[in-house]
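See below for the structure under consideration.
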Amino acid sequence: MVGVPTASVIATILCFTGVALFCGCGHEALSGTEKLIETYFSKNYQEYEYLIHVVNAFQYVIYGIAVFFFLFGILLLAEGFYTTTAIKHILGEFKPPSIKGGLISTVTGGPPKPRSVRGRQPIHTLELLCRCLGKWLGHPDKFVGVTYAVTILWILIFACSAVPVYIYFNTWVTCQSIAAPAKTSAGISNLCADARMYGVLPWNAFPGKVCGASLLAICKTSEFQMTFHLFIAAFVGAAAALVALVSCTD
């Protein structure tokens with residue numbers, strides 16, 4: 001346990017958890033949004049056909065993000081183990097017999113010592129991959145550069161994940177005003193949620209917006225509540241992953 005990079009382990013767990021929240025909740029929230037638009041804001045398929053294509057594209061992007069961060073998290077943990085002072089000290093100076101030719105020396109790029117001198121042992125593909133990985137991990141500046149680039153891209157994703165939360169929050173606030181008409185000077189019929197003003201639907205979509213008691217009824221549905229909370233969870237997951245990435249670049 002002396003050589004365990006605690007900071008890297010915590011950052012990796014936080015990164016995995018955040019990305020899992022973002023991908024899982026974001027995927028379902030997009031599906032829920034598509035269903036709400038189809039049910040309450042537009043009855044013409046041609047009006048929300050483009051929205052369906054956009055939602056499907058974002059869902060495929062989410063699949064790619066999940067795969068990428070799974071591999072990136074493994075590299076992040078491997079880099080943490082490799083650059084830990086205790087591990088480097090053990091492998092570089094002491095080299096006890098118990099780890100000669102073991103997996104640790106293989107992953108870190110060290111040449112394993114053969115047990116027998118009868119002949120040259122064939123190198124398996126996995127062992128060759130581990131050696132290449134070890135040589136790459138021997139240059140931490142490369143990994144830090146990749147982490148900086150990933151962090152910048154993730155900041156953009158984090159900002160984008162805040163947009164649906166903002167839209168749903170505005171709709172929820174409007175519903176609260178409709179539920180308590182004494183607290184607002186505007187008429188209930190004038191309090192609306194217009195999907196067209198956010199670019200979700202084209203301006204010629206009909207009805208495109210829902211007002212008054214109809215909007216309040218939508219806000220009370222389980223579909224709206226679930227989708228709203230899923231977007232919040234995806235936003236929190238993106239924030240957690242961003243914290244993990246920033247801690248890796250320090």
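I52 contributes atom CD1, which lies 4.5 Å from atom CD of E34 (distance to the nearest 0.5 angstrom). Here the OG atom belonging to S42 is positioned 15.0 Å from the NZ atom belonging to K209, to the nearest 0.5 angstrom. Atoms OH and NZ, from Y40 and K35 in turn, are 8.0 Å apart once rounded to the nearest 0.5 Å.
Within the 4.5 Å cutoff, the side chain of C192 has no heavy atoms near those of the L215 side chain. For the pair V246/L242, a side-chain contact is recorded, criterion being any heavy-atom separation below 4.5 Å from C-beta on. The shortest distance between side-chain heavy atoms of L216 and L191 does not fall below 4.5 Å. Looking only at side-chain heavy atoms (C-beta outward), V150 and F69 come within less than 4.5 Å of each other.
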Residues 20-28 side chain polar contacts: donor-acceptor under 3.5 Å, at least two apart:
from: H27; atom 1: NE2; to: Y63; atom 2: OH; distance (Å): 2.8

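The environment of E49 atom CD is dense: over 12 non-hydrogen atoms of other residues, nucleotides or ligands sit within 6.0 angstrom. The environment of F169 atom CZ is sparse: at most 12 non-hydrogen atoms of other residues, nucleotides or ligands sit within 6.0 angstrom. Counting heavy-atom neighbours within 6.0 Å of F68 CZ, excluding the residue itself, gives a total above 12.
The main-chain N or O of C219 is found under 3.5 Å from a side-chain atom of Q225 such that the two form a donor-acceptor pair. W154 contributes a side-chain N or O that, together with a main-chain N or O of A238, makes up a donor-acceptor pair within less than 3.5 Å. Put simply, the side chain of T221 gets close to the backbone of I218: a donor and an acceptor are under 3.5 Å apart. Checking side-chain atoms of S214 against main-chain N and O of V210 turns up no donor-acceptor pair under 3.5 Å. T17 places no side-chain N or O within donor-acceptor distance of the main-chain N or O of L14, the cut-off being under 3.5 Å.
Under the 3.5 Å distance criterion, with hydrogens and angles disregarded, a donor-acceptor pair is assigned to the side chains of Y168 and T33. In the model, Y166 has a side-chain atom that pairs as donor or acceptor with a side-chain atom of N170 under 3.5 Å.
A distance below 6.0 Å separates the ring centres of Y45 and Y48.
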Next on the checklist: I'd like to know whether I167 forms a side-chain contact (heavy atoms from CB on, under 4.5 Å) with F231, so could you lay out the CA-CA distance, the side-chain angles of the two residues, the decisive distance to 0.1 Å, and finally the verdict.
Outcome noted: CA-CA 10 Å; I167 295 174; F231 272 123; over 6 Å; no
